Amino acid sequence: MSLTQLMEQRRAKIAQWRAIGCEPYAYRYEVTHHADALLARGDAVTQEFGERVRIAGRIMTMRGHGKAGFAHVLDPTGRIQVYFKSDVMGDHFRRYELLEVGDWVGIEGPLFRTRSGEISVRADQVELLAKGIRPLPEKWHGLTDPETRFRQRYADLFVNLDVRETFRRRARLVSAIRRFLDGRGYLEVETPVLQPLYGGAFARPFVTRHNALDVDLYLRVSNELYLKRLIVGGLDRVYEFARDFRNEGMDRSHNPEFTLLEFYQAFADVEDMMALTEQLVSEVLQAALGTLHVPHEGRTLDFTPPWRRVSMLDAVSEKVGESVHALDEAQLARLCRARGLAARPGTGAGGLLDELFSELVQPELQDATFLIDFPAETSPLARVSRRDPRVVERFELFAAGMELANAFSEQNDPDAQRAAFEAQGAARARGDEEAQPLDEDYLRALEYGMPPTGGVGIGIDRLVMLATGSRSIRDVILFPQLRPEEGRPTPDDVAEPAEEGAEGR
RNA sequence: GCGCCCGUAGCUCAACUGGCAGAGCAACUGACUCUUAAUCAGUAGGUUCUUGGUUCGAUUCCAAGCGGGCGCACCA
């Protein structure tokens, strides 16, 4: 039967409900109990009818038996069985007869255990809360098509219950991070998503248009420069869970919009931030998973502190079989060519090193590992190292071959920062499309003086992947980016944008 | 962007070498007052992603397009 016919059939039920005096879309229902708590009562529930409860949820299965029947109702916490019996329901039995899988119902009646042993609610009263007119996916195989699952996450969430658990765990992880930072005197702040100038990361931005101001604005690729402006202002510890946007390809670990936690602490350096990151991540993973031996794609990743520290230069040297510490751009280019690798244009020796690292070393970083000793060219916002002027004070955290965090001793010398920006401008002129633009306002802020500061960015989506055993970032983002569905109306089809005066309704 | 794979009923999947497009679940009718992938009897449901081509004949072969998955590239 076609979808249209199936939906017409179900839609016809609406009139039947109204004919018996029931409004098929209710306004409220007093819920007294949730399924998980009722099921947890275990042996306390017997075949004797016990406490009266009111539950509400979506009907997932029905088994009719003439003048009786069973259904499983899914509420926010789980499924519980409901028993409908004609001779105790009076005219509410007619309501049961009109119910179908997919409807939202409120059920009132005593809790009991069936002869076959399942804790159930005997329905004395049935209220239709919302009529479902679209048929549900199959009860046994469920919904497996990835495209449908992502496009119709609303269906995915009530068919594949582990999806609910993934996003609950994500929420718990985020609030654990908040508690961690709040407990250390950090202030949660909000900074602009729409920025006149993007910066703080190497990435191509999305561009949008502000009509009233008649200017182009960028969706932020990072909030780094704004958070450091706040440090200049004297807010000594700040953080933000920032939705950032990068106009790049998508794959298992990249979505065009993603969540990056950034936190900055005055009077701290990269060493302090490394210690803090190690503590934060291990504490949060322990809380989410109950262990620091994180299962991931068939292997176990070790997050037990202290984490290994690997020098980028040493690791690459080891892989290429010669020291790269003192090599110039031409020599590094030779090493890349020999392996068929190409760095981003215009990024110089640093870019070549980074390319060698990404290809040769990064995939092997499975257990939590701090990478240190980065070249300055690819770190324009970091300070030069006190112990080795050829590198900057920076670390990245890797696990499962993914970059999880990025941090440095923040550059607070306005002249050095200007020079680094200008070097970025030169890189852009040489073809680096992701070079960071010079931000005069940010330099103005630094000119007022920024205290020594350590800053960290942590990829929340990737951290959640580890905490939930997800192999794709799409499994931890509720509505991952997809191509628009065919036939869906575009904004141009709908209406002209509202004029002034129509806003703020 | 490139390569490989996929797209069949609401859902999950079949259909041999090109020969009438099928099943289970869901739906509909009937029976059934403790079932649980309820059971039993019956009924109905298709733009085989789209467009074009080859062919007597295309779900099947070819081309282009659309959408998706995986990999690569991009992306720190």
Side-chain angles (χ1 to χ4, degrees), chain A residues 1-10 12-13 47 60-72 79-89 93 96 100-102 112-118 120 122 132-152 155 159 201-204 221-222 246-256 258 312 340-345 347 350-351 353-359 362 371 374-375 377-379 394 396 398 402-406 432-434 457 459 471-472 474 480 482-488:
Chain A
M1 184 159 305
S2 75
L3 177 60
T4 315
Q5 290 171 301
L6 288 168
M7 290 184 63
E8 275 313 309
Q9 275 175 12
R10 298 180 65 111
K13 286 265 179 32
Q47 291 189 20
M60 300 305 291
T61 63
M62 292 189 81
R63 296 173 292 284
H65 290 267
K67 292 288 188 289
F70 294 87
H72 272 109
R79 290 169 183 249
I80 188 164
Q81 182 170 260
V82 177
Y83 177 42
F84 302 88
K85 192 165 184 282
S86 167
D87 52 16
V88 297
M89 292 179 68
F93 192 72
Y96 154 74
E100 47 194 343
V101 168
F112 76 111
R113 185 182 292 277
T114 63
R115 270 173 225 156
S116 47
E118 180 163 349
S120 307
R122 191 196 70 195
I133 57 177
R134 189 172 285 273
L136 259 49
E138 208 249 355
K139 66 180 176 187
W140 192 242
H141 300 92
L143 184 62
T144 59
D145 176 45
E147 180 176 358
T148 311
R149 289 186 49 218
F150 298 146
R151 287 196 197 281
Q152 301 186 29
V159 172
F202 296 106
R204 273 181 289 192
V221 300
S222 158
R246 297 185 183 175
N247 207 340
E248 292 157 356
M250 300 150 59
D251 63 25
R252 244 173 11 160
S253 57
H254 295 82
N255 194 64
F258 65 103
M312 182 174 182
L341 304 177
R344 219 162 68 220
T347 53
L353 259 179
D354 185 63
E355 179 66 18
L356 288 166
F357 165 78
S358 300
E359 284 302 313
Q362 181 172 337
L371 187 73
F374 287 77
E377 284 134 305
T378 50
S379 314
R394 174 180 181 183
E396 286 190 346
F398 285 87
M402 291 188 295
E403 177 193 339
L404 285 185
N406 182 18
D432 181 4
E433 290 182 21
E434 294 171 4
R471 68 184 294 276
S472 166
R474 295 179 158 194
L482 297 174
R483 278 204 161 73
E485 228 172 329
E486 197 181 1
R488 174 183 292 174

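Since the structure is predicted, the reported quantities are computational estimates derived from the model, not experimental observations. Lettering follows sequence order; numbering is per chain, from 1.
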* Integer-rounded Å distance: C75(B) P and F357(A) CZ -> 15 Å

* Structure fact -> By salt bridge (charged side-chain N to carboxylate O under 4.0 Å, His left out), R122(A) pairs with (sequence neighbours left out) D124(A)

* **C1'-based separation of C56(B) from C13(B) [nearest Å]** => 32 Å

* Asked: So which nucleotide does C72(B) pair with, by the Watson-Crick or G-U wobble rule with both distances under 3.5 Å?
  -> G1(B)

* Asked: Just how far, in rounded Å, is P of U43(B) from CG of L6(A)?
  -> 19 Å

* Asked: So do L143(A) and T148(A) actually touch side chain to side chain, heavy atoms under 4.5 Å?
  -> yes

* Any donor-acceptor N/O pair under 3.5 Å between C74(B) base and D251(A) side chain -> yes

* To do: Output all residues satisfying salt bridge (charged side-chain N to carboxylate O under 4.0 Å, His left out) with E359(A), sequence neighbours left out; order by chain, then residue number.
  => none

* To do: Specify the separation, in whole Å, of atom CD of E8(A) and atom C1' of G45(B).
  => 15 Å

* R149(A) has an atom CZ; how far is it from atom C1' of U12(B), in whole Å? -> 14 Å

* Asked: Is there a side-chain contact between Y96(A) and M62(A) (heavy atoms, below 4.5 Å)?
  -> yes

* Asked: Using a cut-off of 4.0 Å on non-hydrogen atoms, how would the nucleic acid contact of R471(A) be classed: base, sugar-phosphate, or nothing?
  -> sugar-phosphate

* Structure fact -> Checking N1-N3 plus N6-O4 or O6-N4 for Watson-Crick, or N1-O2 and O6-N3 for wobble, each under 3.5 Å, the partner of U17(B) is none

* **Same-atom distance (C1') from A9(B) to A15(B), integer angstrom** => 14 Å

* To do: Select base, sugar-phosphate, or nothing to describe what R134(A) touches, counting heavy atoms under 4.0 Å on all strands.
  => nothing

* To do: Can you tell me, in whole Å, how much space there is between the C1' of G3(B) and that of G46(B)?
  => 33 Å

* Please determine, for A38(B), whether a Watson-Crick or G-U wobble partner exists with both distances under 3.5 Å, and give it or none. => none

* Nearest whole angstrom, please: distance from the P of C75(B) to the CD of E248(A). => 8 Å

* Asked: If every non-hydrogen atom of M402(A) is compared with every non-hydrogen atom of S253(A), which pair is closest and at what distance?
  -> SD-CB, 3.9 Å

* **C1'-based separation of A26(B) from U12(B) [nearest Å]** => 11 Å

* Any R252(A) side-chain nitrogen or oxygen under 4.0 Å from OP1 or OP2 of C72(B) -> no

* Is there a Watson-Crick or G-U wobble partner for G67(B) with both distances under 3.5 Å, and if so, which one is it? -> C6(B)

* To do: Could you measure between the two P atoms, the one in A21(B) and the one in G30(B), and give it in whole Å?
  => 32 Å

* **Nearest-angstrom distance, P atom, U17(B) to G7(B)** => 16 Å

* d(CD, Q152(A); P, G10(B)) in whole Å -> 13 Å

* **salt bridge (charged side-chain N to carboxylate O under 4.0 Å, His left out) contacts touching residues 132-145 of chain A (sequence neighbours left out)** => none

* **Interatomic distance where CG belongs to L404(A) and C1' belongs to C75(B) [whole Å]** => 16 Å

* To do: Check whether any side-chain heavy atom of D354(A) lies under 4.5 Å from a side-chain heavy atom of M312(A), and answer yes or no.
  => yes

* Mapping L482(A) and G249(A) onto RNA chain B by nearest heavy atom, which one lands closer to the 5' end? -> L482(A)

* Base-contact (B) and sugar-phosphate-only (S) positions in nucleotides 32-42 of chain B, heavy-atom cut-off under 4.0 Å, - elsewhere -> BBBBBBB----

* Asked: Within this structure, what is the CD-to-P distance between E433(A) and C75(B), rounded to whole angstrom?
  -> 9 Å

* Asked: Do R63(A) and Q81(A) come within less than 4.5 Å of each other through their side chains, counting heavy atoms only?
  -> yes

* To do: Pick base, sugar-phosphate or nothing for A201(A), based on heavy-atom distances below 4.0 Å to the nucleic acid.
  => nothing

* N/O (side chain, R10(A)) to phosphate O (OP1/OP2, A27(B)) under 4.0 Å -> no

* Side-chain contact test, heavy atoms from C-beta onward, threshold under 4.5 Å: evaluate it for L482(A) versus R151(A) and give yes or no. => yes

* To do: Taking salt bridge (charged side-chain N to carboxylate O under 4.0 Å, His left out) as the test, write out the residues that go with R149(A), two or more places apart.
  => D156(A)

* Could you encode protein contacts along nucleotides 4-9 of chain B as a string, one character per nucleotide from 5' to 3', using B for base contact, S for sugar-phosphate-only contact and - for no contact, with a heavy-atom cut-off of under 4.0 Å? => ------

* Under 4.0 Å between a side-chain N or O of R483(A) and OP1 or OP2 of G67(B)? -> yes

* **Partner nucleotide, any strand, of A23(B) [Watson-Crick/G-U, under 3.5 Å]** => U12(B)

* Asked: Taking C-beta and beyond as the side chain, do H72(A) and E118(A) meet within less than 4.5 Å on heavy atoms?
  -> yes

* Asked: Mind checking the C1' distance from U29(B) to A44(B)? Whole angstroms is fine.
  -> 10 Å

* To do: Would you name the heavy atoms of F70(A) and H65(A) that are closest together and state the gap between them?
  => CD1-CD2, 4.0 Å

* Spacing of the P atoms in C70(B) and G10(B) (rounded, Å) -> 25 Å

